[in-house]
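Working notes for the structure below.
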There are 2 protein chains.
Amino acid sequence: MARTQGSHSDITGPRVRAAALRLFAQHGYAAVSMRQIAREVGVQVGALYNYTPDKQALLFSLLKGHMDDLLEEWQAEQRPEASRARLEAFVRFHIRFNLARPEAIFISYMELRNLTPENFAVIEALRKRYEGALEEILRDGQAEGAFSVPDTRLASYALIAMLTGVNTWYRAGGRLSIAEVADIYWDMVRKAVSADDATGAPQPA
Amino acid sequence: MARTQGSHSDITGPRVRAAALRLFAQHGYAAVSMRQIAREVGVQVGALYNYTPDKQALLFSLLKGHMDDLLEEWQAEQRPEASRARLEAFVRFHIRFNLARPEAIFISYMELRNLTPENFAVIEALRKRYEGALEEILRDGQAEGAFSVPDTRLASYALIAMLTGVNTWYRAGGRLSIAEVADIYWDMVRKAVSADDATGAPQPA
DNA sequence: GTCTATATCTGGATAGAC
DNA sequence: GTCTATCCAGATATAGAC
């Protein structure tokens, strides 16, 4: 910081992205100025334009990189398994992945409307691909009779929302480890998609 | 629109709030200018300041009014019933209430960080009161043996997130009515909090 | 690659006439 | 209560020296 001259292209680029990610997550894209980002990096504002053509491209690059990571890591997780095991893997992967990068997750949900229409379409397509993976698991399990999920589309929306919600309250160093949280959520998911005999009827106390 | 003079305090006030709600929901608080709001209402910018001391107060007023409505309507819904019936009432109320005012719900989640710390504390306290109502239902049901929810705090977060997520995909005039959506979500919630015998063991196909 | 300086624009908010 | 005009701060982005 407070450096006044010199060339550091190798490290400045990542620092610009890191600063933008942090500031966008904290204050919101529209509320963050290029001056703020420059100050955080420790350069003058003009220098930022060596690394991004404009502010919009910076946001898009962060979101695109995040979605690419997500799809790549989920691909690497794939095993040929029964639906129930695949669903459990999805639940645990989603929670673990999201909690490892809360800022990227946050801007991925909050800043979609600040993308240009073209950029939005790209991100949206990737998001649908990921969420489609969950729906496919539910469809397969329903077909096999492992789950009782009459509307797999709605169920996939419901489960994604529930799992993603972990990021709104989880704080590292709290009462529960990530694995414990995943255990509890998996238990709820497992029951939510299961067949039971209590439909409508009151349960025995 | 395009009107150039005259006094309309009785109607301009609500129109300012309506325009702000719509624009904040669509573009985000930070991205919307007072000039845009004025244009939407059909007045000049200076006139807005007859109805709000500043832009921040306008946002706070919208969020506060929304939370007051929410808590008031939920109170009116209360009946002395068994936990299971109270949970069902919560699920149906939450979905119905949220789908009736998507813009207010949207800014209530997206614009919290654009409140001043004092204003944020007020809204946050009201939100906690509402979410606490759900947790209380879960605690009661757990104590009565009607539910199997080891961690009522986490379960309340999970269910709230799942239910609130409806607003991200539901569109009026689509395949399902609000009541049908509520039926499907209630079915998942009911199972998620129920006791079952499949813990860990694979189910018969 | 970074700096300083600047062009150009838009923002929130206010003053005073009507 | 609304309008017009304006202040002033801050925004994105660029130009040209080093």
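- A close approach under 4.0 Å does occur between a side-chain nitrogen or oxygen of B:T12 and OP1 or OP2 of D:dT2.
- In this structure, the CZ atom of A:R15 is 14 Å from the C1' atom of C:dT2, given to the nearest Å.
- Distance, A:K55 NZ to D:dT14 P: 15 Å, rounded to whole Å.
- The ring-ring contact (aromatic ring centres under 6.0 Å, His included) search around B:F93 returns B:W74, B:F97, not counting sequence neighbours.
- Salt bridge status for A:E124 with A:R127: present, with a side-chain N to carboxylate O gap under 4.0 Å.
- In this structure, the CG atom of A:L48 is 11 Å from the C1' atom of C:dT2, given to the nearest Å.
- Between A:R101 and A:D69 there is no salt bridge, since no side-chain N of the basic residue sits under 4.0 Å from a carboxylate O of the acidic one.
- With salt bridges taken as basic N to acidic carboxylate O contacts below 4.0 Å, one links B:R96 and B:E77.
- Ion pairing of A:R139 with A:E135 is present here, as a side-chain N (NZ or NE/NH1/NH2) and a carboxylate O approach within less than 4.0 Å.
- The phosphate of D:dG1 (OP1 or OP2) has no side-chain N or O of B:Y51 nearer than 4.0 angstrom.
- Rounding to whole angstrom units, CG of residue B:L59 and P of C:dG12 are separated by 13 Å.
- The side chain of B:V43 lies closest to D:dC3 when the candidates are D:dA13, C:dC3, D:dC3.
- One finds a salt bridge joining A:R113 and B:E111 here, because a Lys/Arg side-chain nitrogen approaches an Asp/Glu carboxylate oxygen to under 4.0 Å.
- Relative to the side chain of A:Q44, the nucleotides C:dT4, C:dA13, D:dT4 differ in distance, and C:dT4 lies closest.
- With D:dG1, D:dA13, C:dA13 as the candidates, the nucleotide lying closest to the side chain of B:N50 is D:dG1.
- One interatomic measurement links the two molecules: OH of A:Y49 to P of D:dG16, which rounds to 18 Å at whole-angstrom precision.
- Proximity of residues 25-37 of chain A to DNA chain D (heavy atom under 4.0 angstrom from any strand atom) is restricted to A:V32, A:S33, A:M34, A:R35.
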